[in-house]
Every structure is written in structure tokens, then in C-alpha cells.
Amino acid sequence: MMTLKVNGREHQVDADPDTPLLYVLRDDIKLNAAKFGCGLGQCGSCAVIVDGKAILSCITPMVLLEGKQVTTLEGLGSVSEPAPIQRAFIEEQAAQCGYCIPGMMMRAQALLLKNSKPTDAEIRAALEQHLCRCGTHMRILRAVRRAARLMEAADASSTTNRSAQ
Amino acid sequence: MNAPLILDRRRVLAGGGALIVSFSLTSAFAQDQAPAATPPSKPPGSLAATAYLDSWIRIDADGSITVFTGKAELGQGFRTAFQQIAAEELDLPFESLKVITADTKLTANEGYTAGSRSMQDSGTAIQNAAAQVRELLVAEAAKRLDLPAENLRTENGAVISPDGRRLSYGELVAADMLHVQAQPKSRLKDPATLKVMGQPVRRVDIPAKVTGGGVYVQDMRLPGMVHARVVRPPSYGAQLTECDSSAVEKLAGVVKVVRDGNFLAVVAEKEFQSIKAMNALSSAAKWKESASLPKQDDLLNVLMHLPSQDSTIFQRSDPSVSRGKTIEAIYTRPYQLHGSVGPSCAVAQLVDDAMTVWTHTQGVYPDRQAIAEMLRVPPASVRLIHVEGSGCYGHNGADDAAADAALIARALPGRPVRVQWMREQEHAWEPFGPAMVTKLKASLDSNGKIADWHFDVWSNTHSMRPGGAGSMLAAQHMAQPFAVPAPRPLPLPEGGGDRNAIPIYTFPNAQVVHHFIPAMPLRISALRALGAYHNVFSIESFMDELAGLADADPVEFRLKHLEDQRGRAVIEKAALGFEWKSGQKAPQDRGFGFAFARYKNLAAYCAVASEVEVNRETGRPRLVRAVAAVDSGQVVNPDGLINQIEGAIVQSMSWTLYESVTFDDTRITSIDWQTYPILRFDAVPESIEVHIIDRPGQPFLGSGETGQGPTAASIANAIANATGKRLRNLPLTRKRIKEAIDA
Amino acid sequence: MLIVGVAMAFAIVWRPVIPAIDPPAPYAFDAALIKRGRDLAAIGNCNECHTVRGGKNFAGGLPVPTPFGTIYSSNITPDAETGIGQWSEAAFRRAMRDGVNRKGEHLYPTFPYDHFTHVSDEDDRALYAFLMTRQPVHAPSRENQISFPLNQRPVIAGWKLLFLRRDSYQPDATRSAEWNRGAYLVAGLAHCGACHTPRNALGAERVNAQFAGGDVDNWLAYALNDRSHAPVPWDADALYMYLRSGWHPDHGTARGPMAQVVSNLSSVPDSDVRAIAVYMADISGTPTPDRKQEGEAALAQARSPSQASQTDTAGATIYVGACASCHETSRPLPYGGVNLALSTAVSSPDPRNLANVVLSGVSAVEGERSPIMPGFADSMNDAQMAALLNYLRARFSKQPAWTGVEKTVADARRAVTVYLQTSAGPRNAPADPTQRDKP
């Protein structure tokens with residue numbers, strides 16, 4: 001048994017320490033967003049955030065995760081209360097089949113956490129490890145730019161709220 | 001000018017001649033007028049085959065309304081478009097409807113979700129069914145209110161009388177009221193009054209997809225579900241000679257090893273356990289392989305020397321036209337992948353002799369037939385339910401995964417079995433888009449117009465979709481295997497290897513020959529656009545070669561040969577959007593390219609203008625920007641249409657610049673994203689613009705595949721414009737471009 | 001005396017301006033000469049330093065970090081104002097041979113004229129023809145960041161006096177023509193020693209430690225002489241395949257700064273690559289019987305089934321979950337991930353290269369078949385990565401355990417960050433998919 005902290009909640013997980021995080025998220029914790037794409041670290045479908053950084057969960061064994069905070073797309077927001085990055089992808093209609101999108105969103109979220117105003121080149125560089133086969137790339141780029149604006153606006157309003165209190 | 005002779009016996013057998021005959025008519029809009037020339041005897045779209053209105057629309061007494069489609073949502077956004085259509089014709093709020101997609105227990109048999117036909121088939125059926133249901137409801141209300149139907153109107157799910165009395169659809173509907181056959185003609189909404197159709201309504205599936213909802217078959221978790229992995233042979237035709245699975249059976253979590261001839265699989269309680277067990281089982285399995293694959297670097301000769309069945313599918317002659325300068329060229333295309341990002345997956349469960357399979361197949365009914373045949377049970381005991389998967393772009397591993405799941409689930413009655421392929425299995429075992437060769441020859445007359453046109457295409461069939469158990473890997477690998485069905489060419493006018501082989505342009509002399517190759521050295525089937533991708537690439541590249549020969553601007557040269565008014569409008573729109581100017585010169589190291597096609601010569605029109613930059617030292621090509629124009633008839637969801645065309649351009653760019661399946665004499669060697677590279681973000685264009693020409697009131701024309709061919713040729717033409725070198729072999733890799741520049 | 005001294009110093013330092021010419025028209029050069037120049041430029045790896053990734057070809061501007069500061073490569077396109085458009089062939093030859101630009105200024109030896117001085121007139125002429133027919137790019141050179149006194153170019157003249165040996169290549173009549181061709185290329189244009197030979201405190205190659213391994217951009221350029229740590233000894237055939245295709249089944253895949261070298265060598269005449277391989281195999285010498293045996297043992301270990309699950313350390317567990325899916329599933333090279341028993345990085349005297357690769361991975365080459373390895377910088381901390389590296393060393397190498405691995409990882413993590421931000425970035429060579437080793 002091992003304790004894994006995912007989206008702010010602690011889970012007792014019965015998995016071998018060499019089990020990649022992806023299977024624990026999907027099989028044990030019943031989360032959907034992180035996807036199996038290649039199991040080889042070549043496509044980015046399985047990306048999640050660990051301690052603020054995007055990592056590929058298909059090649060990250062549980063032994064590396066002790067004491068760390070895992071965030072998946074489910075942890076950012078929901079259909080009724082979408083996070084800025086989720087709103088941005090909906091508003092830009094940035095999906096076709098959508099299978100690769102959660103990984104892309106987690107990578108973008110990690111980028112925006114450390115760089116709130118990325119250039120187009122920085123967005124592309126961050127997403128370089130991620131494959132999309134439907135050809136939704138133009139919309140994904142637009143959605144990440146929109147997410148940056150939405151996050152900035154959210155920050156601004158929360159700052160205003162704080163100063164008002 | 002003589003009328004063209006249509007010599008294709010297959011087309012005659014298929015009885016689909018109306019459109020192709022009309023193809024050569026010179027009047028504008030010939031193709032649209034043709035169907036109207038004879039009064040319709042059947043209702044349109046898929047209503048013709050499934051005529052009962054309640055197969056499409058159900059209204060419950062509580063007023064809840066459900067729309068049924070036999071087509072599958074593959075990420076194209078049909079669920080949303082169908083919902084828009086039904087809401088429009090039924091005068092309902094968009095949100096109040098529910099759409100049920102392909103399920104052999106619930107929906108009509110609409111065959112495959114393929115060929116950009118979903119809007120034409122199912123969209124048209126739903127539109128007409130909804131309009132007729134509305135009329136039935138109005139008629140019922142008229143009876144109850146004792147008013148003439150013309151005095152009633154519908155709004156927000158109810159029929160309303162002039163004095164304000166309101167009868168909801170739920171109140172009006174009675175037991176069998178909708179169980180009536182559709183009429184050939186419907187009273188559709190006036191295009192000028194549309195409220196929901198034509199609007200960029202947001203897709204209903206996206207919120208769940210961006211929040212981690214359980215959307216895909218990969219996300220299914222049924223009570224008691226186990227995880228299976230298949231151990232595929234290392235190569236086509238390999239025989240399993242030895243497999244001691246005793247050690248594997250003792251591994252943690254392993255439930256069962258399933259072996260049936262050359263079919264080998266392992267089932268475990270948890271997913272990663274099944275992968276570990278699969279690796280162990282794979283090490284334990286010994287296979288006898290045989291070298292049976294052709295030479296990859298000599299596909300041109302391989303294909304042209306395989307036995308072929310040749311048919312002249314188009315011929316027109318006018319001996320009075322003089323022939324001047326003549327050129328000829330050969331174009332090739334390699335085997336290419338669907339390359340779904342998510343490997344194929346299915347869930348199956350056998351309960352009391354009834355098999356249920358959840359699958360992302362494009363054809364639940366044909367697959368049900370094939371799986372029933374494989375299991376040697378009646379089709380009625382098998383139910384297939386479509387659940388979305390990763391995008392497929394044609395016949396990928398989905399159907400095979402469904403068969404795998406069914407075969408494994410049969411060995412574990414009662415337990416739901418989820419099987420997902422590994423990356424290398426998807427890459428090596430999916431049926432590829434076929435390699436093709438085209439040979440073109442044309443002459444100009446003294447006015448610089450094309451006087452004579454010859455087009456030969458060599459190709460396999462473009463569909464080996466389940467038409468029987470033998471189409472599926474599991475059935476081929478069983479101890480009592482099913483033979484692969486004999487391949488057949490797909491009938492015109494849609495065609496397969498000859499899709500879009502007949503030029504849309506008008507040439508006084510023309511001959512088109514289809515060399516159908518029955519032998520299939522590699523496993524192949526339908527890949528988005530089928531033969532149209534390569535045929536349009538060839539025709540539109542050659543049009544540029546001829547324009548060069550005639551010293552003409554490529555856009556003007558095309559217009560000079562095109563009589564189809566809607567086609568001309570699309571070309572002009574794309575040229576305008578791109579700011580294409582005759583005689584213009586691209587900036588240093590850059591080139592401009594243009595190409596156009598009407599998909600299948602009967603679906604959506606698409607023109608693509610592109611700007612490509614070429615690095616002269618490395619040969620690296622970069623698509624800088626693309627501008628497309630599209631006419632897909634009446635537009636239901638403009639943003640959905642733009643998304644499809646953008647995607648087609650980006651995907652086709654990846655096919656065109658990078659992609660080819662590789663193999664040695666025995667095995668497929670392109671088995672992952674290292675060995676089969678596709679587009680990554682560093683090569684995504686700076687901009688893609690899509691201009692829509694809406695045609696309210698005109699039939700829906702499929703658009704999902706119309707962009708593939710024009711994009712390929714547009715890029716090739718831009719590279720030729722940038723470098724002065726013509727590349728005729730796909731993909732247009734940096735190595736080939738560099739060699740051409742350095743030559 | 002003073003006057004003599006000044007005169008001598010003047011003679012050492014002063015170089016005349018060579019008069020500017022009008023940039024010659026591209027058609028002034030023979031096509032065959034240009035073609036030969038292209039091959040030679042590829043052997044010389046010119047594009048690696050003179051092209052910024054994503055920038056204009058040969059327009060310079062690439063920062064080259066040295067122990068003395070950062071030097072920016074120059075624009076070698078035929079642009080009249082900012083490139084070498086006004087250079088005559090004589091001026092070009094003088095730069096190659098003496099490290100002096102057209103205006104008579106001494107060039108820093110990051111431009112490896114200590115090697116290029118050996119290039120023949122004929123080859124210089126071909127290189128000149130190739131460069132003068134490239135597209136001119138207007139790109140002013142960037143200011144070097146070097147502190148006093150090294151920012152005074154006359155100082156370079158002193159360096160040259162000590163270390164620049166001007167001579168043309170003298171063939172060894174006792175050797176084959178192929179060996180001599182290889183020796184000429186290696187000593188001259190290919191400048192292999194620039195990375196693979198250690199340098200002294202003044203940044204010059206140590207003459208008596210040729211090919212004993214050097215430092216380049218925070219990578220260890222492996223020893224190519226008899227001190228090589230490759231688990232399986234190299235021979236001419238293996239070197240040829242590696243240099244030509246970018247990988248070899250017994251040695252793995254070229255990456256880091258070597259990736260660009262083999263990428264360039266993939267387009268040059270076969271005979272030249274073969275000649276380099278023959279010469280370098282001779283440099284590394286015939287392996288001793290012991291060394292041979294070790295090589296066979298490494299190959300045997302690589303072919304035997306995994307033993308990873310038998311151990312239970314953190315390093316072993318990380319290996320199984322993070323590495324084995326590529327490195328131990330019999331996925332064929334060059335795309336499968338080398339079995340680490342064959343990895344020179346694991347057998348190397350210091351873990352720097354291994355740390356670099358594990359941290360930043362190997363990124364995909366746009367649209368080309370190329371090995372991909374994800375980086376693990378964000379999923380492993382220094383201690384975890386050290387545990388992994390120590391496990392790899394213990395399991396896959398006969399060499400003694402490394403010490404201070406965690407510090408090496410920490411240093412590499414910092415260095416990699418700097419490296420990725422300031423250089424063109426290493427890119428892997430596309431390799432040949434048809435050369436899969438069959439079962």
C-alpha cells in the first residue's frame with residue numbers, strides 16, 4: 001500500500017512501486033483524463049502535473065511520487081466550474097476527437113503557471129512533445145493564448161478582491 | 001465535341017450511373033439538377049433504406065425527444081450538427097434534444113460512417129424525418145383543435161394556435177403515431193428563416209472532453225471488468241510454433257491466457273498487470289516467420305508489375321483538336337498510416353450467450369455480422385454499441401480490437417473484458433492507406449489549352465472493411481481461420497483507387513484507366529479520402545506542370561479549363577483570400593502553390609492556396625500559411641466545417657511532407673512515432689484561413705475528406721515554385737527536396 | 001634591442017588587409033567544384049557553428065561558450081557588408097590557414113584553424129566556391145563576451161606562436177591511400193580532435209594526449225584512442241556504420257553534439273566516411289585479448305533476458321518503470337534504446353553524458369525518422385536520478401562505481417538549462433530504418 005496525493009486528496013493505492021502512474025490514475029483512482037497513447041514517452045497523451053511540472057505519467061513509476069502532489073485535468077475544474085484553461089479550450093472549440101487534448105492542456109497549464117505571458121514560440125516549444133492527429137493544432141495554440149488571458153484576468157480580479165477585503 | 005463514353009462495367013453493375021453521366025454535361029449546376037430531373041420515388045438520404053420515422057425520432061409522453069443516427073461520432077462534430085438539424089426542423093430548443101448514435105439495438109443500419117457521407121446520409125434523413133414529424137404533430141393538433149393546419153405554428157416544442165392555445169409535442173404524440181413510413185418529399189424550413197442551423201453552435205461533446213469526463217471506450221469501467229492484451233505475431237502470416245504459458249499464468253493478477261491457433265492473449269485483473277504479462281507471454285512465444293514483403297524502395301515497379309484488372313473509366317475524344325507540346329510524369333504515394341493517437345480499444349461481455357461489444361468501429365452493423373460469423377453465432381445474439389475512441393480517419397484497428405475483445409470475452413463468460421492495443425500493434429497491424437502510382441500524359445493545343453489528357457492509376461482496393469469475419473485479424477489468426485475476403489474495387493461514381501481519377505476539368509480528349517491490383521502485399525484499407533488523396537495530388541501537380549508549359553498563371557490556367565460554376569467560385573474565393581496575383585513572385589526561399597478539387601466529383605468543393613518556405617541547405621520545407629475556400633452546400637455548423645477543413649489541411653500536410661510506412665522483407669518496421677514521424681508543433685503553419693461559401697437550400701455535401709488532396713498538391717506546387725524543382729514522389733521529405741535542389 | 005623586439009612583435013602580430021573584391025557572381029564557379037565544396041563543408045561540420053537553430057544558413061551568431069568567455073560565430077555567407085562577400089579566395093585561404101580575417105585581424109581559435117591549416121589549396125578552393133554561392137544574408141556579427149586581456153586580438157598572435165603548426169598534410173607512404181585520406185580529413189577539415197582531444201590551460205589541444213577524450217559544451221567527448229571506454233571495442237566497420245548512419249547495434253546512437261556531425265556525414269561521399277573510419281580504427285588500435293573478452297561479455301549480457309526484477313533497490317524500480325519499456329523490450333535499434341550493457345555513457349569514467357541524456361532526453365527531429373527519448377528532469381530529483389545512474393553503472397558496467405553522482409546530476413541540471421538556452425541545441429541524426437537487426 002502506498003499513499004498518493006491526487007487533486008488534493010490522499011489515496012491508498014495497492015500497486016507495485018514500478019507501476020507507472022498512468023495505470024494507477026486510470027485503474028485504481030478511476031480518473032479518465034490521462035490517456036494511454038504510446039507507453040514510450042513519445043506522444044504526450046498521458047501528461048499530468050506533478051509538483052507544478054508537466055510529466056509523462058506512462059513512464060513515471062510510483063516510486064518517484066512519494067510525497068508529491070499529482071494534478072490531473074479533473075483537478076483543475078469541471079463542466080459546471082471550468083478552470084480558465086478548460087474555458088479557453090471550450091471557447092476556441094479546440095478539439096476534434098479530443099483524445100490528445102488532456103495531455104496538451106496539462107502541459108499548457110504547467111507552462112502558464114511558470115510563464116503567464118508565453119510567446120507563440122514558447123507555447124509551441126512546450127507542446128513539442130505532444131502529438132495531435134486530427135490537425136487541431138491551430139485551435140490548440142489559440143486556446144493556450146486565450147487561457148493565458150483568462151488566467152491573467154482571473155488573477156487580476158482575485159487581487160482586486162483581496163485588496164477590497 | 002463527342003459525348004464521353006463511360007466504359008466501366010462495375011459502375012453499370014452497381015447501378016449508380018446517374019451522377020457520372022451527368023458529370024460531363026456542360027451546363028452549370030448539372031449535378032445538382034440531375035437528381036431533380038426525375039421525380040423522387042424514395043425519401044432522401046438514409047430515409048430511403050430506413051423509412052419509419054420513429055427509427056430516427058422518438059417523442060416520449062413526458063415530452064423528451066430523442067434523435068437516432070446510425071452514424072458514429074468520430075470527433076467530426078456530427079452529434080452537434082444532427083442535433084442542430086433536428087432542433088431546427090422540430091422548432092425545439094437545441095439543448096432539449098438527445099442524440100443516440102450507432103447501436104445495433106437502437107439505431108438504423110446506416111452502414112459505415114465513411115466517405116464524408118454522414119451529412120448527406122444521416123443529416124438529410126434526420127432533417128426530413130424531423131420535418132415530417134413536425135407535420136404529423138401539426139396535423140394531430142389541427143384535428144384536436146379543429147383548426148386548419150395552415151393556421152397553426154410550432155414553437156419551443158409545442159403547436160400553437162392563433163388564439164394562443166398550446167399543445168406540447170408530448171401531449172400530441174400517441175403510441176404509434178411516428179411509426180409511419182416517410183414520404184418522398186418533406187416541407188423543409190425556408191433557408192431564410194433558419195435559427196439553429198447555420199449557427200456556430202458549440203459542440204456538445206467538448207466540455208466532457210476537456211474536463212476528464214468518461215467519453216471514450218478507453219474510459220469504460222464496468223463492474224468486474226478485466227484487462228486483456230493481445231500478443232500479435234511479429235509479422236504477417238507468422239505461425240506460433242511454441243508457447244509455454246505456465247509461467248505467465250502464475251504472474252500476479254493474471255486471470256487467463258487465451259490461445260486459439262495464432263491468436264494469443266492474456267487477461268489480468270489490472271491493466272499494468274496485463275501489460276507485464278503480455279511482455280512475458282511475448283518472450284515465451286516462438287514464431288515461424290516468412291519473408292513475404294516487397295521492396296520498400298521500389299514500390300513503383302512492384303505495383304506496376306503486379307497483375308491488374310484494367311478498366312477505362314472515362315473516355316472522350318475530339319479528333320479535330322490539334323496536339324502540340326506533350327509532357328508526361330509519374331507520381332507515387334507510399335503506404336501511409338491512420339496513426340490514431342490512442343491505440344484501438346474495445347470492451348466485450350458475454351452474458352447468457354448474448355455478446356455485447358462496445359467499440360469505436362465506424363460500422364456497428366457490418367461489424368456485428370462479422371463478429372457473429374467469427375463466433376459462429378446468429379447476428380441477433382451480438383450487439384454492438386458505438387462509443388467514441390481516438391480519431392480514426394478511416395478503417396484503423398477499431399474493428400480488429402472489437403473482434404479481439406469478443407474472442408477473449410467468449411473465454412470468460414460473464415466478465416467484461418477491456419482490450420487495448422499497444423502502440424507498436426497499432427502501427428504495425430492497422431490496415432494502411434494503400435500505396436499508389438499514377439501516370440499522366442497531356443498535350444497542349446496552340447492556344448495553350450489542354451488538348452489531350454491521359455491518366456492511369458495503379459492501386460489496391462481502398463476498403464477491406466469487415467464484410468465478413470475474414471477481414472478481422474482475430475478471425476484470421478484463429479485455429480480454424482477465416483480467409484481474407486477477395487478484394488473488390490469500390491464502384492464509381494465514388495470509386496476507391498479511382499476516386500477523383502476522372503478530371504473535373506473539361507478536356508476535348510481524355511482517357512482515364514484504372515489498374516485495379518487485387519494482390520495486397522501489405523494489409524490495407526480505407527484511409528481518409530481513399531484514392532482521391534493521390535489522384536488529386538497527381539492531377540493538380542500536373543496541372544501546374546502544364547501551366548508552366550503553357551506559361552500561364554496556375555489559377556487562370558485552372559479556370560480556363562473549368563466549367564463548373566461552383567468550382568470556379570471556390571477557386572476565386574481562395575485566390576482572393578490568399579491575395580493571389582497572376583505573375584507574382586514569392587519572397588526569397590518561398591513559393592506559392594494552388595490546388596483545387598471537388599471531392600469524389602460529387603461532394604464538397606475545396607481549393608487551397610499555400611505559401612511554403614524551403615531551406616536551400618537542408619531541404620526543410622515549412623508550410624507558412626494556407627488559405628482554403630470550401631463549398632459544402634448548405635452549412636449546418638460553420639465552425640465545425642472550418643475545424644474539419646483546418647484539420648484536413650494540417651493532417652494532409654503531415655502525410656505529404658513526412659509520412660511513409662517502412663518495412664523490410666518480413667516485418668513492418670515503422671512501429672512507433674520515432675519510426676513513423678508525424679507533424680509536431682514546430683512545423684505547424686503560422687496561419688490557416690478557411691473561407692466558406694454557404695449555399696442555403698442546397699443539399700449537404702460531405703466535407704470531412706475534401707481538403708486532403710488539394711492540400712498535398714498545393715504544397716507540392718509551392719515547393720516547385722520556391723525551388724524550380726518538381727517533386728512527384730510522396731512524401732516530399734527534406735532529403736528529397738535537398739537532393740532535387742542539389743541535383 | 002627594443003626596436004628589434006617591437007619589430008618582431010609587429011611581425012608576429014601584424015597582418016595586412018587583403019583588398020576587398022566585388023562579390024563574385026554564383027555562375028563564376030564551376031558546378032562540380034561547388035558540389036565538392038558542399039561535401040567538404042559537411043565533413044567540416046561548418047553549419048553546426050555557423051547556423052543558429054532556426055536561423056539563416058551560415059549567417060553565424062551562435063554563441064560558443066569557452067573557459068575564457070563566449071565567442072559568437074561569424075557570418076560566412078557572401079553578404080558584402082556582414083559576411084565574406086568581399087573576400088577573395090586568397091583571403092579565405094588565409095583565414096583557414098592562419099586564422100586571420102580579410103581585414104588582418106586575428107581570429108579566436110574557436111574557429112579551428114589549428115586543424116584547417118592542414119586543408120589543401122584545392123579543397124580550400126572548393127569550400128570557397130561553395131560558400132560564395134550560398135544565399136547572402138545580412139547579419140552583423142555579435143560582440144564577443146571576453147574579458148581583458150583576452151579581448152585584445154593581438155594576444156591571439158601569441159597563442160598561435162605557441163600552438164599553431166602550419167603545415168600541409170604529408171602522406172605516409174607505408175600506409176594505404178584510404179588511411180592517408182582518412183588521416184588528412186581527421187587532422188584537417190573534420191577536426192575530430194577539437195572535441196576528442198583534451199585541451200591545456202590555454203585552450204590548446206594537448207599534443208601528447210591526442211584523442212584521449214575532451215570536453216565540449218558540458219559533454220564528455222569520449223576517448224577514441226586505446227583509452228576508449230566503449231564496452232565493445234570499435235573497429236573500422238562499426239565506426240563506418242556509426243558515422244554514416246548515426247548508430248551501431250553494439251554502440252547505440254549518436255546524440256549530443258555528435259548528432260550533427262553524423263547528420264552531416266550522411267550526405268558526403270561514402271569513400272570519405274570509410275577513410276575516416278579506417279584511420280580512426282587504427283588510432284584506437286587493436287584491442288587486447290582482455291578487452292575483446294570484455295566486449296563479448298557485454299554483448300552476451302545485452303542479449304540475455306532482463307534481471308531487473310530480481311533487485312529491489314530504488315534505482316532498479318525506477319529503471320523498470322521509466323526505462324525498460326524502451327531499453328529492454330527487444331525494440332530494435334536505432335529506435336529501441338540501446339541495451340545499456342553496450343552504452344559507452346554507462347561505462348564512461350564520469351556520469352556527465354548519462355546525466356545529460358537522462359535529464360533532457362533526445363528530442364524528435366521534425367518529420368524525420370529519429371530516436372526519441374523523453375527527458376526526466378521534471379520527474380526525478382537529483383537523489384532519484386543518482387540512484388538510477390548508480391544502479392545502471394552497477395548492473396551494466398564492469399567499471400568501478402562512480403562517486404559524487406548526485407553532485408554531477410545537480411551540475412548537469414544547471415548546465416543543461418544554460419545549454420538549452422544558449423545554443424542551437426543538439427539534434428539527433430536520422431538513422432536508416434532498413435538496417436534493423438533481424439531475429
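So that the names make sense, note that chain A is the first sequence line, chain B the second, and so on, each numbered from 1. Nothing here was measured: the structure is a model prediction, and the numbers come from that model.
- Interface check for chain A: of the options B:H427, B:H338, B:E426, B:M653, the most heavy-atom pairs under 4.5 Å are formed by B:H338.
- Looking at B:H227, the atoms closer than 4.5 Å to chain A (heavy atoms on both sides) all sit in the side chain, from C-beta outward.
- For chain A, no part of B:I671 is nearby; none of its heavy atoms comes within less than 4.5 Å.
- Minimum interatomic distance between A:Y99 and B:G342 (heavy atoms only, all atoms of both residues): CE2-CA, 3.2 Å.
- Top candidate by heavy-atom pairs under 4.5 Å with chain B, chosen from A:I85, A:T72, A:D28, is A:D28.
- Of the two parts of B:P685, the backbone and the side chain both hold a non-hydrogen atom closer than 4.5 Å to a non-hydrogen atom of chain A.
- Nearest heavy-atom pair across B:G389 and A:C97 is O-CB, 4.3 Å.
- Of the residues considered (B:E424, B:E646, B:Q76, B:M225), B:E646 shows the highest number of contacts with chain A, using heavy-atom pairs under 4.5 Å.
- Looking at B:S654, the atoms closer than 4.5 Å to chain A (heavy atoms on both sides) all sit in the side chain, from C-beta outward.
- In terms of heavy-atom pairs under 4.5 angstrom with chain A, the leader among B:S687, B:A208, B:P200, B:G647 is B:G647.
- Heavy atoms of B:A252 lying under 4.5 Å from chain A are absent altogether.
- Contact of B:I275 with chain A is made through the side chain alone, with heavy-atom distances under 4.5 Å.
- Salt-bridge check for B:K276 with A:D16: passed, with a basic side-chain N closer than 4.0 Å to an acidic carboxylate O.
- Counting heavy-atom neighbours within 6.0 Å of A:E81 CD, excluding the residue itself, gives a total of 12 or less.
- Between A:G98 and B:Y216, the shortest heavy-atom contact is C-OH, 2.9 Å.
- Residues A:A33 and B:G212 share a closest heavy-atom pair of CB-CA, 3.9 Å.
- When each of A:L31, A:T136, A:D120 is scored by its heavy-atom pairs under 4.5 Å with chain B, the top score falls to A:L31.
- Interface remark: B:E388 contributes side-chain atoms only to the contact with chain A (heavy atom separation under 4.5 Å).
- Contact check for B:D219 versus A:K35: side-chain heavy atoms found under the 4.5 Å cut-off.
- Side-chain contact between A:E74 and B:T211: absent, with no pair of heavy atoms (C-beta onward) separated by less than 4.5 Å.
- Remark: side-chain polar atoms of A:R124 are not paired, donor with acceptor, to backbone N or O of B:D682 under 3.5 angstrom.
- A:R26 places a side-chain N or O within 3.5 Å of a backbone atom of B:Q218 that can act as its donor or acceptor partner.
- Ranked by heavy-atom pairs shorter than 4.5 Å toward chain A, the options B:A648, B:S652, B:A683, B:P207 are led by B:P207.
- Counting heavy atoms from C-beta on, the side chains of B:E271 and A:L22 never come closer than 4.5 Å.
- Interatomic distance, A:Q96 CD to B:Y393 OH, rounded to the nearest 0.5 Å: 7.5 Å.
- Smallest separation of non-hydrogen atoms from A:C100 and B:V341: CB-CG1, 4.3 Å.
- Among A:Q42, A:R87, A:M105, A:E91, the residue making the largest number of heavy-atom pairs under 4.5 Å with chain B is A:Q42.
- Ranked by non-hydrogen atom pairs under 4.5 Å with chain B, the options A:S78, A:A121, A:C43, A:P102 are led by A:S78.
- At least one side-chain heavy atom of A:Q93 sits under 4.5 Å from a side-chain heavy atom of B:I206.
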Worked check of side chain to side chain contact (heavy atoms under 4.5 Å, CB included) between B:K209 and A:I101: CA-CA 8 Å; B:K209 287 177 175 177; A:I101 296 296; over 6 Å; no
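- Between B:F681 and A:H130, a ring centre-to-centre spacing not shorter than 6.0 Å is recorded.
- Counting heavy atoms from C-beta outward, B:N643 and A:M138 have side chains that stay 4.5 Å or more apart.
- In this structure, B:M422 and A:F36 have side chains that are in contact, with non-hydrogen atoms separated by less than 4.5 Å.
- At a 4.5 Å heavy-atom cutoff, A:L76 makes no contact with chain B through either its backbone or its side chain.
- Contact annotation for A:Y23: only side-chain heavy atoms (C-beta onward) come within less than 4.5 Å of a heavy atom of chain B.
- When heavy atoms are compared at a cutoff of 4.5 Å, B:I688 approaches chain A by way of both its backbone and its side chain.
- Heavy-atom contacts from other residues, nucleotides or ligands closer than 6.0 Å to NZ of A:K117 number 12 or fewer.
- For B:R203 (side chain) and A:I90 (main-chain N/O), no donor-acceptor pair under 3.5 Å exists by modelled atom type.
- Residues A:R133 and B:I678 meet the side-chain proximity criterion, which asks for heavy atoms closer than 4.5 Å.
- Only the side chain of B:Q420 comes within contact range of chain A, judged by heavy atoms closer than 4.5 Å.
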